[in-house]
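Before any comments, here is the structure.
For ligands, and for the atoms within them, numbers begin at 1 and follow the listed sequence. This is a predicted model, so every value here is computed, not measured.
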Amino acid sequence: MFDSGFGGLTVARALIDLLPDEDVVYFGDTGRYPYGPRPLDEVRAFSRQITRLLVERHDVKMVVVACNTASAAALELLRFEFDVPILGVIDPGVRAAVSATRNGRVGVIGTVGTIGSGAYQRSFRSLSPASRVVCAACPGFVEFVERGETRTEQVHVLAERLLSPLQAAGVDTLLLGCTHYPFLARTLGDVMGREVVLVSSADETAFEVRSILGETGTGRRSGAESGKGRHTFVSSGDVEWFRRLGSQLLGPELIEVEAWQWE
Ligand code: DGL
């Protein structure tokens with residue numbers, strides 16, 4: 001699985017909890033983060049490069065694009081170019097939001113790249129045409145997470161400003177369409193109020209991984225070795241920083257981080 005940085009760790013957490021026997025290789029492209037403000041073509045090229053690395057060097061049996069911006073930019077291309085199953089986070093998030101909403105009004109927040117791509121709007125149209133969807137790009141949120149600032153006054157003020165159109169639209173569900181945002185859940189929940197349900201794609205994505213492993217017969221059998229999956233973390237940026245902040249955000253599985261240098 002991969003993300004531009006730490007955000008995909010929200011999906012890694014769900015995956016490790018649900019499938020403790022599976023080996024996980026997580027690539028955080030912190031040397032080139034953030035992806036959100038970049039042109040989609042560039043994110044597509046990065047995604048292809050990382051997928052090749054995971055398939056060829058780490059011999060993975062499936063790739064989870066644990067980044068909404070990369071899912072929006074590259075999912076179709078990756079599915080076309082690689083033989084292993086490739087799963088993104090957009091459709092799983094939409095499914096989770098559709099089952100959570102009571103009034104059919106869903107807010108979606110994400111990076112400029114994700115929201116601008118129209119990928120969420122398209123996914124809602126095909127999976128739940130009756131839903132009313134209000135989207136808002138939230139530039140700045142990812143940077144707060146990457147600095148480890150998830151509960152500061154500044155992020156609260158920014159959230160109040162960026163989320164106000166969604167509040168005005170009366171959404172009862174807020175889909176966190178960026179894998180970094182669950183780390184801001186307390187702040188986002190405070191701002192939206194307790195009647196609004198926050199939904200992320202992490203759990204739903206992990207369930208889909210389990211289904212695909214089941215359907216393709218590639219899941220690892222639990223038994224005496226149950227809970228023995230190996231977890232490998234690779235970063236293209238400062239590995240010490242990745243280890244420190246990553247273990248704080250993910251938990252005890254993140255002990256060591258391998259360095260990767262792009263040419
Ligand atoms: N975690 C990412 C996403 O889900 C990318 C954030 C970024 O690098 O801007 O979109």
At the 4.0 Å heavy-atom cut-off, does Cys67 count as touching ligand 1?
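In this structure, Cys67 qualifies as a contact of ligand 1 - some heavy atom is under 4.0 Å.
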Test item: [X] and [Y] side chains (from C-beta on) under 4.5 Å apart, heavy atoms:
X	Y	answer
Tyr26	Leu250	no
Val89	Val65	no
Val145	Leu184	yes

Of the protein's non-hydrogen atoms, which lies at the shortest distance from [atom], and what is that distance?
atom	answer
atom 7 (C) of ligand 1	Tyr35 N, 3.3 Å
atom 9 (O) of ligand 1	Gly36 N, 2.8 Å
atom 10 (O) of ligand 1	Thr69 OG1, 2.6 Å

Structural part of Asn68 in contact with ligand 1, heavy atom criterion under 4.0 angstrom:
both
Does only the side chain of Thr179 get under 4.0 Å from ligand 1, or the backbone, or both, or neither? Count heavy atoms.
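For Thr179, the contact with ligand 1 is made by both the backbone and the side chain.
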Min N/O separation Tyr33 to ligand 1 under 3.5 Å
no
Classify the ring geometry between Tyr120 and Phe124 as parallel (under 30°), tilted (30 to 60°) or perpendicular (over 60°).
tilted
Could you list the atoms of ligand 1 found under 4.0 angstrom from a heavy atom of His180?
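The atoms of ligand 1 under 4.0 Å from a heavy atom of His180 are 1 (N), 2 (C), 6 (C).
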Per-atom contacts of ligand 1 with Ser4, taking only distances under 4.0 Å to non-hydrogen atoms
5 (C), 6 (C), 7 (C), 8 (O)
Which of these passes side-chain hydrogen bond (donor to acceptor under 3.5 Å, both in side chains) with Asp91: Ser201, Ser71, Ser123?
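Only one of Ser201, Ser71, Ser123 forms a side-chain hydrogen bond (donor to acceptor under 3.5 Å, both in side chains) with Asp91, namely Ser123.
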